[in-house]
Amino acid sequence: MDDTIAAIATAVGEAGLSVVRVSGPQAMATVDRVFRRAAPGRLAEAPSHTVHYGWVLDPATGQPVDEVLATVMRAPRSYTREDVVELSGHGGVVAGRRILETVVAAGARLAEPGEFTKRAFLNGRLDLAQAEAVLQLIRATHEAAHTATVQQLRGGLSAVIRRARERLVTAQAHLEVGVDFPGEGHAVWSSPALDEALGAVEGEIAGLLTAAERARARIHGAVTVICGRPNVGKSSLLNALLRRERAIVSPRPGTTRDTVEETIVLHGMPVRFVDTAGLTESDDPLEQAGVARSREALAAADLALWVVDRSTPLTPQDAAVAALLAPRPCVVALNKVDLPSQLAMDAVRALAPASPVMPVAARDGQGIAELEAQIAARLAPPQPSEPRAPWVTHARHEAALREAHAAVRRARAALAGDQSPELVAVDVREALDQLGTITGETASDELLAAIFSQFCIGK
Ligand code: GDP
């Protein structure tokens, strides 16, 4: 990392500002070649964390390129831990690019995607899990993903992994003393103490795996299955929720044969709504297939939204649907409240005693906001007992945790079975390596390249 890199760090387009970031040992010297500071003095002599007003000039022609503020951050107190200059110029498609071209002409190299963050990682300012959090933060499209990611960026996950790795390193050291000096009177750590240490690591990893499950719903969307007998207004309700036409609405019963799925963000949390074809038996083979799919969807659901048509009396089919829903959390949408009621509320309550009943009219949107609030409240996962508990939001991290968990369990089994310390050590080493891929200590160059190539240029 002895060269100096540059890139536009802001999104290109009509905007108030565009920022060109320059990082590397020659950052100040390079910018000094093209920057005319209003006050006397060069950036190369400027103290760290100071801002300087002036103009970027084309060194060949002396023509002004843009009016800028140059921020100087000296190593190691910068994003990359290198010398950094950020040039804030005018926004727009052209201004940032012109500044960048000028800085490159003055000796900087165009940065590759993610190269600033990669340098921050290689210089030890961020570990790999934190670097990945940066990427996820840039991509977060809803509040829940943002919260989880900020927690990861602050090092919540990294701290737990580091602690577990320290324990494993100690365990391994003791095991290897046993390996290296068999029978020479060196005290090998006693099995119970070793097992206790490994047990603690196993528990910590198990906690992280639970966190991964919690995060999955928050990040990728909890599943709500919309159920009800034909024609009660399931598709219409999904449409009302989407506020756009996507599901096929038909006045004929049973025409939505397949499941329709849409994700919407409710109260900052993504929710995947699945409209089911029908849950109750039918003679039509096509519908039977739909019934099977609907039941599968329901089995995997976090919440059921049972739709009842208030303008007709309850039928045995309604009761059959209610019976299928009974074991899972449920919200009842009492639909078509714009029509005269033909339905006794008590009868609905009797079929779904533990579920809130929300009056709505899918057709005109009445009550939809209240229904959404109720769904969001029901789906909000229990907060972790400790507010700073780490989030596990990457499938890659979860996979490594599973491998590490299995390896620790194998190590404990080997220990319990009086296996040789060498054998126990193999599994401890495996667990260490797996955990190290999360924070980056044991990540291969290929893995690093794959991760950083997902970044945008300038980050
Ligand atoms: P599904 O079979 O349960 O998906 O029901 P649909 O969404 O296809 O709706 C069946 C019929 O009920 C359609 O004619 C809808 O226009 C009508 N419908 C749905 N919601 C309402 C509502 O809130 N009020 C009234 N009056 N009609 C509705």
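The residues of the chain are indexed from 1 along the displayed sequence. Indexing begins at 1, ligand by ligand and atom by atom, following the structure's order. When reading the values below, keep in mind they use all heavy atoms of this one structure, side chains included, and skip hydrogens, waters and symmetry mates.
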[X] to ligand 1: N or O pair under 3.5 Å?
X: Ser235; result: yes
X: Pro230; result: no
X: Ala362; result: yes

Does this structure show an ion pair linking [X] with [Y], if we count only N-O contacts that are shorter than 4.0 Å?
X: Asp318; Y: Arg310; result: no
X: Arg162; Y: Glu166; result: no
X: Glu132; Y: Arg396; result: yes
X: Arg410; Y: Glu430; result: no

_Contacting atoms of ligand 1, where contact means under 4.0 angstrom from a heavy atom of Lys234_ =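 So the atoms of ligand 1 that pass are 1 (P), 2 (O), 3 (O), 4 (O), 5 (O), 7 (O).
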Proximity of [X] to ligand 1 by residue part, where a heavy atom lies under 4.0 Å:
X: Asp338; value: side chain
X: Leu339; value: side chain
X: Asn239; value: neither

*May I ask you to check whether over 12 heavy atoms, not counting those of Arg109, lie within 6.0 Å of atom CZ?*
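Counting neighbours around CZ of Arg109, more than 12 heavy atoms of other residues, nucleotides or ligands fall under 6.0 Å, so yes.
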*asked:* Let me confirm one number: the CG-CG distance from Leu334 to Asp309, rounded to the nearest 0.5 Å.
replied: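 The CG atom of Asp309 is 9.0 Å from CG of Leu334, to the nearest 0.5 Å.
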